Amino acid sequence: MDLVLQRLNHMVKYVFVTGGVLSSVGKGIVTSSIGKMLLARGLKVTVIKIDPYVNVDAGTMNPYMHGEVYVTDDGGETDLDLGWYERFLDLNLQIENNITTGLVYKAVIEKERRGDFLGRCVQIVPHVTNEIKSRIRSVAKRSNVDVTLTEVGGTVGDIEGLPFLEAIRQMRLEEGFENTLYVHVALVPILDVTKEMKTKPLQHSVNELRRIGIQPDTIVARCPEMIDSESLRKIALFGTIPENAVFCSYNVESIYQVPLILDEQGMGNFICKRLGFSDRKPDFKEWRNFVDNVLNPEHEVKIALVGKYAGLADSYVSMTEALRHAGAACKAKVCINYIEAEKFEQNPKGIEILRDFDGIFVPYGFGPRGTEGKIMAIKFARENAIPFLGICYGFQLAVIEFARHVCGLKEANSTEINPSSPYPVIDLMPEQRGIEIKGATMRLGAHKIIIKPNTMAHKLYKSEEIYERHRHRFEVNLDYLEALEKNGLMFSGKSADSRRMEILEMPDHFFFFASQFHGEFKSRPGRPDPEYYGFVKAGLDRKLGKPKPEF
Ligand code: GLN
């Protein structure tokens with residue numbers, strides 16, 4: 001009943017998540033888990049990520065330093081936390097769900113230039129904070145949800161974060177106590193020598209939050225182990241909250257267990273009660289099934305990820321999660337080895353290590369570094385009938401490898417790598433020529449793809465029309481299409497006007513598949529993306545000695 005009434009009154013509740021002590025403590029996972037606990041109780045939620053950096057969006061940032069750039073259906077280049085929200089909550093978020101300092105200031109300054117504030121001095125409070133609040137509210141309104149979660153990136157105390165914290169502080173006054181909830185997530189380290197849990201850094205970060213005027217309603221301690229009762233008591237006492245408002249996100253085998261362990265501690269019920277929703281039993285049935293498959297695999301599939309940002313796992317997080325979703329669907333544990341492509345360039349014999357893998361995966365990438373090593377890995381997969389999956393750059397490099405070694409176009413290349421290649425089989429898209437501005441100018445977001453019947457792609461997608469997300473500037477040069485196809489490369493997915501090649505496969509190979517788009521962004525726990533599923537299943541079937549993959 002309360003739900004119905006709320007929808008009628010369009011009353012949205014707001015949950016704000018802040019972080020303390022360190023960044024990267026898993027705030028994104030806790031935020032996603034809170035969403036999951038609400039969703040499991042039949043509530044409709046959306047999530048906003050605030051990134052206090054001055055970039056307008058994440059698109060221009062190096063994945064090696066900041067992790068992957070996540071792409072939304074509508075072409076937003078966003079923080080990777082949006083990926084966690086989408087995976088945990090099965091949402092399709094939009095550009096507006098990621099708010100940055102750059103975006104907010106850009107909007108305020110544009111308004112000032114237009115004369116919207118004519119005569120007034122434009123200030124952080126109220127003009128910047130108003131812009132932040134209106135963006136949060138407009139997402140809440142457009143999404144028509146019961147609860148809007150907002151995660152403030154960074155750590156409490158960062159200079160960049162202050163206007164955002166001020167904005168969410170004001171929202172309690174404007175929306176009311178019963179409609180707002182502050183969650184603070186902070187690290188509780190365990191000392192190596194004495195094995196003692198230390199709550200002091202957390203206490204300091206709560207104090208810092210209070211200095212700004214925010215008293216948290218609940219605290220999540222991020223600790224390697226479940227916090228002991230003494231630490232829990234201290235956190236409650238110094239945080240000025242009841243003991244039943246303290247929760248712990250401890251280390252678990254799979255990240256997907258986090259909503260379950262927080263719910264077992266009573267966090268879902270606590271939040272619902274505090275926000276005025278009636279008591280309701282959560283339904284985690286499907287989620288638990290998925291988690292069980294992750295935790296109890298019957299097989300193991302070894303994947304070599306041959307990339308350029310292999311040193312930072314977060315650079316490929318959506319890809320590794322998509323591989324895990326696929327693994328769970330085949331009851332297989334997917335073991336991913338990150339291999340720097342450049343190593344093969346320095347030591348060509350080293351390529352032989354790829355023989356030990358059940359699948360070779362070449363992910364997205366930009367620029368020339370490591371491309372020759374990736375091409376060597378693709379050649380190895382093709383010649384040794386090892387299942388291969390290429391995504392975006394991986395797709396383009398597979399075309400180059402085929403052109404060079406099968407079609408005899410020796411110096412075939414992408415003009416991104418060698419602008420004066422005699423055979424530019426991968427070239428800039430016509431509409432990309434002359435573009436000099438780097439931000440948000442690639443071909444981005446979901447586009448329609450037509451799939452050829454009776455192909456591997458058709459078998460996997462079970463449809464002749466799909467929509468997949470993109471992020472690229474280069475593509476297959478149509479001048480070479482005939483040569484490539486004549487020699488046995490099949491383009492089984494194309495854009496609606498047939499001018500863009502989207503999927504390639506090799507009918508005679510055990511499993512050789514690549515796409516210009518990024519299937520990983522639509523992969524969900526319990527509903528793996530078809531190309532990732534096909535790849536992992538093929539790896540498993542080959543390992544089990546089957547003559548061809550069984551989908
Ligand atoms: N660098 C290539 C392009 O811009 C591939 C991009 C990618 O892998 N996302 O087209």
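Quick caveat: nothing in here was measured; it's all calculated off a predicted structure. We count ligands from 1, going down the list as the structure has it; atoms in each ligand are counted the same way.
Protein heavy atom closest to atom 1 (N) of ligand 1, with residue, atom name and distance, is Glu416 OE1, 2.7 Å. For atom 10 (O) of ligand 1, the closest heavy atom belonging to the protein is Phe474 N, 2.8 Å.
Of all the heavy atoms of His518, the ones lying under 4.0 Å from any atom of ligand 1 belong exclusively to the side chain.
Distances from atom 6 (C) of ligand 1 to the heavy atoms of Pro368, Gly394, Cys392 put Cys392 nearest.
Between Lys522 and Glu86 there is no salt bridge, since no side-chain nitrogen of the basic residue lies less than 4.0 Å from a carboxylate oxygen of the acidic one. The pair Glu131-Lys111 meets the salt-bridge criterion, since a charged nitrogen lies less than 4.0 angstrom from a carboxylate oxygen. Electrostatic pairing of Arg382 and Glu401 counts as a salt bridge here, judged by a charged N lying under 4.0 Å from a carboxylate O. Using a cutoff of 4.0 Å between basic side-chain nitrogens and carboxylate oxygens, Arg499 and Glu431 are not scored as salt-bridged. Salt-bridge check for Glu321 with Arg324: passed, with a basic side-chain N closer than 4.0 Å to an acidic carboxylate O. The pair Glu96-Arg135 does not count as a salt bridge, with every side-chain nitrogen at least 4.0 angstrom from each carboxylate oxygen.
For ligand 1, the atoms sitting less than 4.0 Å from at least one non-hydrogen atom of Gly365 are 1 (N), 2 (C), 5 (C), 6 (C), 7 (C), 8 (O), numbered in the order shown with element in parentheses. Atom numbering of ligand 1 starts at 1 in the shown order; those under 4.0 Å from a heavy atom of Arg471 are 6 (C), 7 (C), 9 (N). Within the listing of ligand 1, atoms 3 (C), 4 (O), 10 (O) sit less than 4.0 angstrom from a heavy atom of Arg473.
Under the salt bridge (Lys or Arg N to Asp or Glu O under 4.0 Å) criterion, Lys379 pairs with Glu383, sequence neighbours left out. By the side chain to side chain contact (heavy atoms under 4.5 Å, CB included) test, Thr60 is found to be paired with Asn55, residues two or more places apart in sequence or in another chain being considered.
Annotation: Tyr364 places no N or O atom under 3.5 Å from an N or O atom of ligand 1; distance criterion only. Residue-to-ligand polar distances keep His472 apart from ligand 1: every N/O pair is separated by 3.5 Å or more. For Gln396, a nitrogen or oxygen atom sits less than 3.5 Å from a nitrogen or oxygen atom of ligand 1, counting backbone and side chain alike. Residue contacts with ligand 1: Gly367 is placed with no nitrogen or oxygen under 3.5 Å of a nitrogen or oxygen of the ligand (distance criterion only).
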